[in-house]
2 protein chains.
Amino acid sequence: MSDVARIAGVSPITVSRALREPHKVSDKLREQILEVIEDIGYVPNFAARALASRHSGTVAVLAPILEMSGFFHAAHGIEDRFHSSDVTTQFANIGLDAAEEAKLINLFVAQNPAGIILESVAEFPVNKPLITELGCPVVQMMDTSITPLDMGVGIRNRAAAKAAVEHLLSKGYRRIALLGGGKDIRSRRRFEGYQDALAEAGLYDPNYVFEASGSSPLEQGMKLVFDLGKRLPQIDAVFCHNDRLALGVYFGAQQIGLKVPEDLGICGYNGVDFADVEESPLTSVYVPLYDMGYKAAEMIMRYLSEGERPKKAVELPFEIIEGASTRR
Amino acid sequence: MSDVARIAGVSPITVSRALREPHKVSDKLREQILEVIEDIGYVPNFAARALASRHSGTVAVLAPILEMSGFFHAAHGIEDRFHSSDVTTQFANIGLDAAEEAKLINLFVAQNPAGIILESVAEFPVNKPLITELGCPVVQMMDTSITPLDMGVGIRNRAAAKAAVEHLLSKGYRRIALLGGGKDIRSRRRFEGYQDALAEAGLYDPNYVFEASGSSPLEQGMKLVFDLGKRLPQIDAVFCHNDRLALGVYFGAQQIGLKVPEDLGICGYNGVDFADVEESPLTSVYVPLYDMGYKAAEMIMRYLSEGERPKKAVELPFEIIEGASTRR
DNA sequence: CTGAAAGCGCTAACAT
DNA sequence: ATGTTAGCGCTTTCAG
């Protein structure tokens, strides 16, 4: 930076300002400086900037990135909102371990992020004190049934799951299995919604509840159908916790010659891949993940620029999208 | 850090060492210091550390993360290798735009990363000078037909695609369409492989080559089948550039009542999701993405610890996994 | 609108 | 094995 300053014939601080607060530098000087920067290929050192300014200008996104969940769509929303603003995003993967999560949050907090977007699996984060003591805005992408530590955006998974199962019921399915996963809050809410719908119809039976575990979701879905060979006559639909499980169920059914949707109805969850396909092959609960990400980023920006902080979690709508897998 | 030092009754540099080079501090002192750190919840400031040490200790992973490609598997490999080492990884999304890619690389390079792992789409990176001038190790995950800027790991997409099409030929399919995507090197190599196999069999026909574009891969795959309604009798198999396209083709076929694999054979690419499923529903070219990531990370570590730098790109094996979609 | 001085929190290099 | 000194590259604060 001092090189730039010397060549442009100004002081370093003016270069600094030309970069961060252009309006505080005269047009002439600014252009001159920018030209030199371009010429010599100067790039600011973020570490020095962060150290001097006491904030990193980075929004940390902590999410189960590597889980192949619908997170990508949320990530796209986040990136789109931040694009061409001056905050950068940094993604970090959190697993399913609350302790690891706390550690990671701790790490990021120490770097003075401009904000944190957290798609936490942990229901009662170990990190609550950490975050509440924190100055920066924190947005949780979550189930709106819980109270966010700071700000939150999400859907009501319980209601969504209930609606999905009610859709199956409306199609005449009666013995509806649940293929669930995870013990996190969202999974539990989905289970509750499933239970709600079936209990109301007087059809709830705990024997129909299956926990997916291990290996790939696709394989789990397939295995469920195989293992259920004997029981299958009694089961006529499966509500899956995500679309990949549903896909597995679909292929499993194909393989043992079970007709979808006639013999077996299948409903997935998230639905983002098929959402804009005209004739979706798979019925699914469409969750506005992109919007959730966009909104989360929006909330960070709002707080940063205007100090506004909605006190309640923002609830986004969900939608049941009927596809070929239940259209009978 | 000076607080910690004061309370522990040592100098700051000793605290610094206790953290980074434990063996250089006596056991007694180290324990004492660690205890104080725990007590007061001290967390090091990475910006200061990076500034003082002139390196960030972070490996930047630049890849089309948001493209829903097989990148996750590679990311897992990377994380697994770096896990419990002292380097942290930072993921950044690069799009399909070479100029943007150059900008991003520029940005990261300025932060003195410990290394860079690059899954570049650009064939002749704008950033070549940038990287070659760079001190840190750079690993490209790539097609091994091109020469890496520094180090490289990948597969031969041309050979893999050829093998896949030969598999289709061996199954008696004769009018094999290509559903491709992208103009990047890997896509082009796959096209060449497709061409190789069919040309050898005297069956190559450019009319069978289709470019997927826009919207979601699943939808593109489905649309291909619909649009081909008239031509379909002439086409008896589709080789797809990735598994999602293949899935779309599969569902499209289902919807118009075309039998897979009898009437239409389908082969995908990447195959990671189905690879460990006993009875895979989809024939696919299995690409060892996890291993590629792991190996890339390994190469970075090796260079960092021992200065070793293989001069040639490391080639990993691929495998054609036969699934139900071509088993006839 | 521009600049001078001071210092962000840590580590490299050089002592001891 | 531990400490001292200097300074990483930038931004804050205060002056003009």
Side-chain angles (χ1 to χ4, degrees), chain A residues 1-34 36-37 40-58 86-88 106-114 135-136 304, chain B residues 1-34 36-37 40-58 86-88 106-114 135-136 304:
Chain A
M1 187 183 264
S2 56
D3 287 350
V4 176
R6 194 167 23 74
I7 298 173
V10 295
S11 76
I13 185 61
T14 306
V15 176
S16 175
R17 282 201 268 256
L19 248 23
R20 294 171 304 115
E21 307 163 299
H23 59 278
K24 289 194 178 173
V25 177
S26 67
D27 291 2
K28 182 166 157 288
L29 233 45
R30 181 162 14 89
E31 275 168 37
Q32 214 170 301
I33 291 169
L34 260 26
V36 176
I37 287 177
I40 67 172
Y42 163 79
V43 184
N45 178 320
F46 284 17
R49 181 177 281 183
L51 184 57
S53 68
R54 263 138 288 189
H55 60 250
S56 64
T58 295
D86 54 354
V87 316
T88 40
N106 207 36
L107 200 76
F108 273 90
V109 164
Q111 314 318 314
N112 296 313
C136 80
L304 256 29
Chain B
M1 185 182 266
S2 55
D3 287 350
V4 175
R6 195 167 23 73
I7 298 174
V10 297
S11 78
I13 188 65
T14 306
V15 177
S16 176
R17 282 200 268 254
L19 248 23
R20 293 172 304 116
E21 307 163 298
H23 59 278
K24 289 194 179 173
V25 177
S26 66
D27 290 2
K28 183 166 154 288
L29 233 46
R30 181 161 15 89
E31 274 167 38
Q32 215 169 300
I33 291 169
L34 259 27
V36 175
I37 286 176
I40 68 171
Y42 163 79
V43 184
N45 178 321
F46 283 18
R49 181 177 281 183
L51 185 57
S53 69
R54 262 139 288 190
H55 60 252
S56 62
T58 294
D86 54 354
V87 316
T88 40
N106 208 37
L107 199 76
F108 273 89
V109 164
Q111 314 318 315
N112 296 312
C136 81
L304 256 28

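All figures in this text were calculated on a predicted structure; none of them were measured in a lab. Each chain gets a letter, A, B and so on, in the order its sequence line appears, and its residues count up from 1.
When the side-chain nitrogen and oxygen atoms of A/Ser53 are compared with OP1 and OP2 of D/dT11, none of them lie within a distance under 4.0 Å. An OP1 or OP2 oxygen of C/dT2 is reached within less than 4.0 angstrom by a side-chain nitrogen or oxygen of A/Ser26. One finds a side-chain N or O of B/Thr14 lying less than 4.0 angstrom from the OP1 or OP2 phosphate oxygen of D/dG3. Taking only side-chain nitrogens and oxygens, B/Ser16 comes nearer than 4.0 Å to OP1 or OP2 of C/dT11.
Per the geometry, CZ belonging to A/Arg54 stands 11 Å off P belonging to C/dG7, to the nearest Å. A straight line from CZ of A/Arg6 to P of D/dC10 spans 13 Å, rounded to a whole angstrom. B/Arg49 places its CZ atom 16 Å from the C1' atom of C/dC8, with the value rounded to the nearest Å. The CG atom of A/Leu51 sits 11 Å away from the P atom of C/dT11 (whole-angstrom rounding). If you take NE2 of B/His55 and C1' of C/dC10, they are 12 Å apart, rounded to a whole angstrom. D/dG9 atom C1' lies 11 Å from atom CG of B/Asn112, rounded to whole Å. Following rounding to the nearest Å, B/Lys28 (NZ) and D/dA1 (C1') show an atom-to-atom distance of 12 Å. Rounded to an integer number of Å, the gap from A/Asn45 CG to D/dC8 P is 12 Å.
From B/Glu21, atom CD reaches atom OG1 of B/Thr14 across 11.0 Å, with rounding to the nearest 0.5 Å. Annotation: the span from A/Asn45 atom CG to B/Asn112 atom CG amounts to 6.5 Å, rounded to 0.5 Å. A/Arg49 contributes atom CZ, which lies 6.5 Å from atom CZ of A/Arg20 (distance to the nearest 0.5 angstrom).
Closest to the side chain of B/Ile13, out of C/dT11, C/dG9, C/dG3, is C/dT11. In the set D/dG7, D/dT4, D/dT11, D/dT11 carries the atom at the smallest distance from any side-chain atom of A/Ala52. In the set C/dC10, D/dG3, D/dT12, the nucleotide with an atom closest to the side chain of B/Met1 is C/dC10. Side chain of B/Arg20, nearest nucleotide from D/dA1, C/dT11, D/dT11: C/dT11. Nearest nucleotide to the side chain of B/Val25, out of C/dC10, D/dT2, D/dC10: D/dT2.
For the pair A/Val15/A/Val10, a side-chain contact is recorded, criterion being any heavy-atom separation below 4.5 Å from C-beta on. Within the 4.5 Å cutoff, the side chain of A/Met1 has heavy atoms near those of the A/Ser16 side chain.
At a threshold of 4.0 angstrom between heavy atoms, the contacts of A/Phe46 with the nucleic acid are absent. Residue contacts for A/Arg17: at a heavy-atom cut-off of 4.0 Å it reaches a base atom on one of the strands shown. Across all strands, A/Pro12 comes closer than 4.0 Å to no nucleic acid atom at all (heavy-atom distances).
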